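Quick note on labels: first sequence line is chain A, next is B, and so on, each numbered from 1. Everything quoted here is computed from the prediction, not taken from an experiment. Computation of the quantities below employed the complete heavy-atom set of this structure, encompassing side-chain atoms and omitting hydrogens, waters and symmetry-equivalent molecules.
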There are 2 protein chains.
Amino acid sequence: MEELPSAKRARPVTINDIAALTGVAPSTVSRALSKPGRVNHATRERIEAAARELNYVPNTQARALSSGRTGTIAVLVSAITNPFYFGIIRGTQQQLKAAGYAQLLIDTEDSGELEAAMLHKMRRSLDGAILAASRLSDRALAALATEIPLVTINRNVRGVQSVIIDTPAGIGQAVEHLVSLGHRDLIYVSGPQSSWPNEARWQALRSSAARHGVQARRAGPFPAERPSGSAAADAVVNTKATACIVFNDLLAIGMLTRLRERGVRVPGDISIVGCDDIFGADFCHPTLTTLTAPIEQAGRVSVSMLLSLLTDRLPDQNQRRCVVLPTHLTVRESSGPIA
Amino acid sequence: MEELPSAKRARPVTINDIAALTGVAPSTVSRALSKPGRVNHATRERIEAAARELNYVPNTQARALSSGRTGTIAVLVSAITNPFYFGIIRGTQQQLKAAGYAQLLIDTEDSGELEAAMLHKMRRSLDGAILAASRLSDRALAALATEIPLVTINRNVRGVQSVIIDTPAGIGQAVEHLVSLGHRDLIYVSGPQSSWPNEARWQALRSSAARHGVQARRAGPFPAERPSGSAAADAVVNTKATACIVFNDLLAIGMLTRLRERGVRVPGDISIVGCDDIFGADFCHPTLTTLTAPIEQAGRVSVSMLLSLLTDRLPDQNQRRCVVLPTHLTVRESSGPIA
DNA sequence: AATGTGCTGGCAACCGTTTGCCAACTTTTG
DNA sequence: CAAAAGTTGGCAAACGGTTGCCAGCACATT
């Protein structure tokens, strides 16, 4: 059995092996590999060569244990079922990988307790967390933000950095669109009450409707899931309204299915506008008029913010930052002139 | 400023603090918390009480460093864009959380090299990995499996545990369905060549078509993305075939869009059958006839297999295990009798 | 020539937990 | 009643890095 030098040791390569090979102290190896300027250029080259030769891979756990930095960011979503989060995850994934961080994906199952418990349990093994659609109270969030670097998405709390997708501003466009098509009676199909954007969207719709002198009513709340679309559709039909704006596309697509079953024509009998422009909004039947949100960008931006928070360490200056991303109305087939 | 005892120490609680409080050695605390039977019941109770009181959270890194177990499983997907993987991720997420493991999500961007590099780099910080749609060669996979516990999904390699979604078997049903509708000329719309299931599906289609005495041709390959559907649709139209089976639903949905643009009627002019039954297959227009795959279940099963591999440590007995999950044909609107 | 300064590298103490080994004590057994 | 076996708990050495502190050296300054 001839064994290559590299195969001889089943035990993984450590900085000590590199130190032994190059004749320097382990500490020097550590510095050469992680603090570029701290060692002589020549020795550093030698060490890097040796590391390459030995096929050295640093041990993340050990590094984390002594330095406190884990190189891991958690991304919490409230329900992986929802395609909206896929976009977020895609965005965070891209940025995190580019920055050399690992992404820990956590589903909080729409439960604030689970969210808090998870975060608390993992806070020592994370460098930071991104909360997409947190169900936590403002106080709980602010408290958590002192324990661990945090960025929230679609949730505005003092003292916590955040990325806000400005769907409420887009609602104005949607209302104008519907009003110009002749609609005078708008229904807001409400999502979960515990959702922060839900409330914001309703308020935006109400004030916008008032500005245009049209009626605004509210149906729901409904869970933000496709099956709930049936109940939502029935509720809306019952109001005799001619147009509705729906909390999100998932629910709106569910409604479309139900309305088709019932023989209600869209947009002939009723116009439907969704929010988010998720996967599927452009190929459902009819295709969905919706407020297109820069979902993936939101994920990317949240990571950038979090990382700069980690490196800059400017507790006060940065603490208030809040990035607002604009949305726009994408008109498709589900909205049309009043019959 | 009154401070509660727990708030007094900014430094996180360690087993030493618990040891000091209960008057035992740190090692005893460690054992009480992780090896239930190893300490006296009474002392264990005391220790657990103290741990609760101090709000102790074990340090994952330290535990991993000395024990070698990290409590983390990586899930590698080739493109998070693809809704198919959402199902997988959902399944793995559920099982992993239930078992107390953390899920590291990695997007390999369809690159075998990136996949191998990532896995190699992280192998020491992982307890195992689940490879959904690996782009690695059989040899590379087998080699990797000796470095780190592995379960593949939709990839059958000797020496590597796997979960196979048996779409090829379902293809038989799909062919029968189409043949019974009068189709005599079937096109297989091919996905990426590097994809293992792609080849398997084509072979299944071919042999099944032969059995029924109908023609089977092949178009492509095309990337498994929605935009590629345009090219695929055009290619299929050009063949004058009356029915096609498409590598996956994503591509099929892309084709639907294009065919509609071109005014080609589905299923009037051409019948389309997809594979997987992803999110959207039931509300696209027309709704998609497809081979429904137990995607989420595949994710769950793969985790179960991996975890049992970790605990049982039966290198030979288990090494060959391969779970096959059945699929079935779901007939919707996109397939119909020949004109 | 003496002092100051900047650059390198080594020493050794951590980081928080696990675990092999041993000692003391209790119980069972012959 | 002595020896064997089983419990229970402590000691101390890992695990693999990071980092504060110090020393040696070269060079520039006065």
Would you check if B:V57 and B:P12 make a side-chain contact, meaning some heavy-atom pair closer than 4.5 Å?
-> no
Could you note down all residue pairs passing side-chain hydrogen bond (donor to acceptor under 3.5 Å, both in side chains) where residues 57-73 of chain A supplies at least one of them, sequence neighbours left out?
-> A:T60-B:S125, A:T70-A:D127
Does a side-chain N-to-carboxylate-O contact under 4.0 Å join B:E147 and B:R123?
-> yes
Divergence of helical axes at both termini of the helix from C:dA1-D:dT30 to C:dG30-D:dC1 - five pairs an end, 10° steps | 40°
Can you pull the contact range of chain A along DNA chain C, 5' to 3', using atoms under 4.0 angstrom from its heavy atoms?
-> C:dT8 to C:dG16
Let me check something: any side-chain donor-acceptor pairs from residues 84-100 of chain B under 3.5 Å, sequence neighbours excluded? List them with distances.
unit_1	atom_1	unit_2	atom_2	d
B:Y85	OH	B:S78	OG	3.0
B:R90	NE	B:E296	OE1	3.4
B:R90	NH2	B:E296	OE1	2.9
B:T92	OG1	B:I88	O	3.3
B:T92	OG1	B:I89	O	2.9
B:T92	OG1	B:Q103	OE1	2.8
B:Q94	NE2	B:E296	OE2	2.9
B:Q95	NE2	B:S304	OG	3.2
B:K97	NZ	A:D107	O	2.8
B:K97	NZ	A:E109	OE2	2.9

In this structure, CD of A:E115 is separated from CG of A:L119 (nearest 0.5 Å) by 7.0 Å
Before giving the answer on side-chain contact (heavy atoms from CB on, under 4.5 Å), spell out for B:V157 and B:R139 the whole-Å C-alpha distance, their side-chain angles and the decisive distance to 0.1 Å.
-> CA-CA 9 Å; B:V157 175; B:R139 282 191 52 203; over 6 Å; no
side-chain hydrogen bond (donor to acceptor under 3.5 Å, both in side chains) pairs touching residues 23-36 of chain A, sequence neighbours excluded, are none
With the sugar-phosphate defined as primed atoms, P, OP1 and OP2, and the base as all remaining atoms, what B/S/- string results for nucleotides 16-22 of chain D, 5' to 3', for protein heavy atoms under 4.0 Å?
-> BBBBBB-
Are the side chain of B:S134 and the backbone N or O of B:L136 linked by a donor-acceptor pair below 3.5 Å?
-> yes
Taking all non-hydrogen atoms of both residues into account, name the closest pair between B:I165 and B:N154 and its distance.
-> N-OD1, 2.9 Å
Is the closest basic N to carboxylate O distance between B:E48 and B:R44 below 4.0 Å?
-> yes
